[in-house]
Amino acid sequence: MSNENKTIYDFELNLIYDFFSTMQRQGPGSPEVTLKALGFIDNLTGESRIADLGCGTGGQTMVLAEHAPGHITGLDIFPGFIEILNRKARQASLQDKVKGIVGSMDALPFREEELDLIWSEGAIYNIGFERGLREWRKYLKPGGYIAVSESSWFTDERPAEINDFWVDAYPEMDTLPNQVAKIYKAGYLPVATFILPENCWTEHYFVPKHAAQEVFLAKYAGNKAAEEFSAYQAAEEKLYDKYKEFYGYVFFIAKKTEPFPGKAE
Ligand code: SAH
């Protein structure tokens, strides 16, 4: 298989883990953006239960732990990421407030209507935007919130090069208005939608990724799969730079309401 035809799913998990484990974040975002999204959530108390799904090494989980009341569970499928999050929590003396657990977002270990807030930055694509919204709803209390960031098309039409890259990597990627409609149809009232500023990609994601890349390539010198993985990351960055007016990351904040807002089929 040539590198151009690979998606991130085709690389070995160990390589992906090794590459990203040295980074604060594993996707575009920033502490400022996490706080901006948190500013739309008005139902939290010291008793609140918050879940951060696909939390990675816990960049945004720790921002939530420092600024939101309540208890936070960070969940990720990579045990190594969860170890890093739990270490960060201990170092910040927040281990009673935030706890990382290994698990999968398609089989959540929560009770129905247990959660006040579901958070997920740059991770819902793993289960699919629509499926995640629909399946996670039952874990929220009535009036509970969901806040997710997801890649989004900013125009109905776009150059073939960038369209093909994303259709291959994530066929469900959709336009912003369609995504808001999906939220509505999944049983939530959309509360806020905002586009992540460019520095969430550059300063907070690509720049630290260059450092991670150096360490990674030194460790795996001569390993073809590792070199291909690294090249894939570089290609993704180049495409962003070239086509950023056509797509980006969007934060969606929505509230589980009764009656069900959109028509449930
Ligand atoms: N929220 C973090 C990480 C985003 S990267 C950030 O914004 O920095 C996506 C994360 O989803 C990775 O940490 C990956 O390990 C995790 N992931 C992938 N599939 C998953 C699944 N089925 N269940 C839970 N986490 C998953």
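Values below: every heavy atom of this structure, side chains too, minus hydrogens, waters and symmetry copies. Counting starts at 1 for both ligands and their atoms, in listed order.
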message: For the aromatic rings, using the six-membered ring if either is Trp, is the centroid distance between F216 and Y220 under 6.0 Å?
response: yes

- prompt: To which protein heavy atom is atom 8 (O) of ligand 1 closest, and what is the distance rounded to 0.1 Å?
  reply: Q26 N, 2.8 Å

query: Looking only at heavy atoms, what is the nearest atom pair of E114 and R111, with distance?
result: OE1-N, 2.6 Å

query: Would N199 and T202 satisfy side chain to side chain donor-acceptor pair (under 3.5 Å), going step by step from the backbone distance to the final call?
result: CA-CA 5 Å; N199 77 338; T202 51; 6.0 Å; no

query: What atoms of ligand 1 come within less than 4.0 Å of a heavy atom belonging to F81?
result: 13 (O), 15 (O)

- line: of all protein heavy atoms, closest to atom 12 (C) of ligand 1 is D76 OD2, 3.5 Å

- prompt: Using 30° and 60° as the class limits, which term best fits the ring planes of Y247 and W201: parallel, tilted or perpendicular?
  reply: perpendicular

Nearest non-hydrogen protein atom, atom 20 (C) of ligand 1: I77 CG2, 3.7 Å

message: Regarding atom 1 (N) of ligand 1: of the candidates E121, M105, Q24, which has the closest heavy atom?
response: E121

- request: Please state which part of N126 comes within less than 4.0 Å of ligand 1, counting heavy atoms only: side chain, backbone, both or neither.
  value: side chain

- request: For atom 6 (C) of ligand 1, grab the closest protein heavy atom and report residue, atom and distance to one decimal in Å.
  value: Q60 OE1, 3.1 Å

- request: Using a strict cut-off of less than 4.0 Å between a Lys/Arg side-chain nitrogen and an Asp/Glu carboxylate oxygen, indicate whether K256 and E112 qualify as a salt bridge.
  value: no

Protein residue, atom and distance nearest to atom 3 (C) of ligand 1, heavy-atom basis: G54 O, 3.4 Å

- prompt: Nearest protein heavy-atom contact for atom 22 (N) of ligand 1: which residue, which atom, what distance?
  reply: S104 OG, 3.0 Å

task: Taking only heavy atoms of R25 into account, list the atoms of ligand 1 that are under 4.0 Å away from them.
output: 6 (C), 7 (O), 8 (O)

message: Could you check whether D116 pairs with R49 (Lys NZ or Arg NE/NH1/NH2 to Asp/Glu carboxylate O, under 4.0 Å)?
response: no

- prompt: For the ring pair F206 and Y240, is the centre-to-centre distance below 6.0 Å?
  reply: yes

- prompt: Which atoms of ligand 1 sit under 4.0 Å from any heavy atom of G27?
  reply: 8 (O)

query: Are F246 and F154 close enough that their ring centres sit under 6.0 Å apart?
result: no

field: Near-ring test F129/F252, centroid separation under 6.0 angstrom
entry: yes

- prompt: Among G103, G56, G122, G29, which residue places a heavy atom closest to atom 9 (C) of ligand 1?
  reply: G122

message: Please classify the C55 to ligand 1 contact at 4.0 Å (heavy-atom distances, strictly less than): side chain, backbone, both or neither.
response: backbone

